[in-house]
Amino acid sequence: MSEKVLLVDDEKEFLDIMSERMEARGMTVKTADSADQALAMLEKESFDAIVMDFKMPGMDGIQALKNIKSQKPELQIILLTGYATVEKTVEAMKIGATDLLEKPADLESLAAKIKQAKADKMLLVEKKTEEKIKDILQRFSG
Amino acid sequence: MEHDNRHMDMDGITFFGAVSAAVTHDMKNFLAIINENAGLLGDLAVNAQNRSLPIDPRKALGISEKIRNQVARADTMIKQFNRFSHSMDHAEETVDVEEMVHLVAGLAARIIRHHGVFLTVTPATVPCRLKVHRFGLLHLIFRAVEIACKILDNGAMDTQKQVLVSFGMDPKVPEICFTLDPVPTGGWDTLFDQPKDLDMRDRVHMAVKTNNTGNGFCLYRIRPDHA
């Protein structure tokens, strides 16, 4: 099954061309031009991964990351940035980013990271479901 | 005095850093789009080879046009950044204020966009020239734009925020005016009152006042110009 990705960037031309190339690689891609729009879309649809620019007008990357993670903790977020400093990478990872790639990014390595992100998300969902089942069984046996 | 100079120098370096960061970020975005377009051309070639079909010339032309557009955007930005970098070359000289405003608008486009603000520059009806240190003037205009954006940040989120830059009608009294929309309530008296702002204004001999319509502020020359 193909990966369903939400691509977020304030450069419309970048969104158009990236989504075209990602779709050519079998992914299903939806786009948003701001973190606010991405958050609104997440309320209605589920995705395997988000690929998001770190610096956009309006809500900044760190705040967007926090909001998305609080809304969908299992969602995998890959950040794109102009300059990936060690400090920025560590900060983003601490909040829950899956990875941080520097622009211009290599699409093949991004595609591999998205595949991995989908697998990681499925593992997390499975783990959550197992815990729920365990909890229900414990309640019944107790 | 020596302390004050150091203070001003540090501010100048901070300003240079902010502009450099914004410009290099934009450059990375241009490169990313060029990179993806080049990748798309590669995808087209691989597809054509796999299917033994020719490359669609219209599609290839469209991509090459997009690459050219991004190269033009990057070229404009580099030229602006180069002019900015050379603004420290000379002491006082006669400068075209309108040109300086356009330069700041171009260099700070990313920063302005981040505030969700649209900045428009109204062409000057009479020449607006000042004998001034170019870098100092650019710094003050940048600070004025930053202040205007911050004032508008406090307004309603869902309204269109605009800053209109215009110039005075009297060539003997050069003036740069910033009109804000939506109009904020009050706060004009405390503009540019921080020590670093006072230093910045003193350096280019300019003062600040509320504009005639009360919906913005103007920077004007307080020293008679013998340019």
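Residue numbers start from 1 in every chain, and the chains themselves are labelled A, B, ... in the order their sequence lines are given, proteins ahead of strands. Since we're looking at a predicted model, the values are computed, not measured. Values reported hereafter were calculated over all heavy atoms of this structure, with side chains retained and with hydrogens, waters and symmetry mates removed.
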Problem set entry | Contact origin within N37(B) toward chain A - heavy atom pairs under 4.5 Å | both
Exercise. Which one of K103(A), R21(A), M56(A) has the most heavy-atom pairs closer than 4.5 Å to chain B?
Worked result: R21(A)
Exercise. Yes or no on side chain to side chain donor-acceptor pair (under 3.5 Å) for R143(B) and H139(B), after CA distance, side-chain angles and deciding distance?
Worked result: CA-CA 6 Å; R143(B) 180 73 183 134; H139(B) 195 178; over 6 Å; no
Problem set entry | Note: D26(B)-R113(B) ion pair, threshold 4.0 Å (strictly below) | yes
Exercise. So which of N35(B), L40(B), N47(B), L31(B) has the largest heavy-atom pair count under 4.5 angstrom toward chain A?
Worked result: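 Going by pairs under 4.5 Å, I would pick L40(B).
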For this session: Would you sort out whether Q116(A) and Q76(A) count as a side chain to side chain donor-acceptor pair (under 3.5 Å), showing the intermediate values?
Result: CA-CA 9 Å; Q116(A) 185 59 50; Q76(A) 306 294 299; over 6 Å; no
For this session: Could you tell me if the ring centre of F30(B) sits under 6.0 Å from that of F14(A)?
Result: no
Problem set entry | Side chain / backbone / both / neither for D10(A) at chain B, heavy atoms under 4.5 Å | side chain
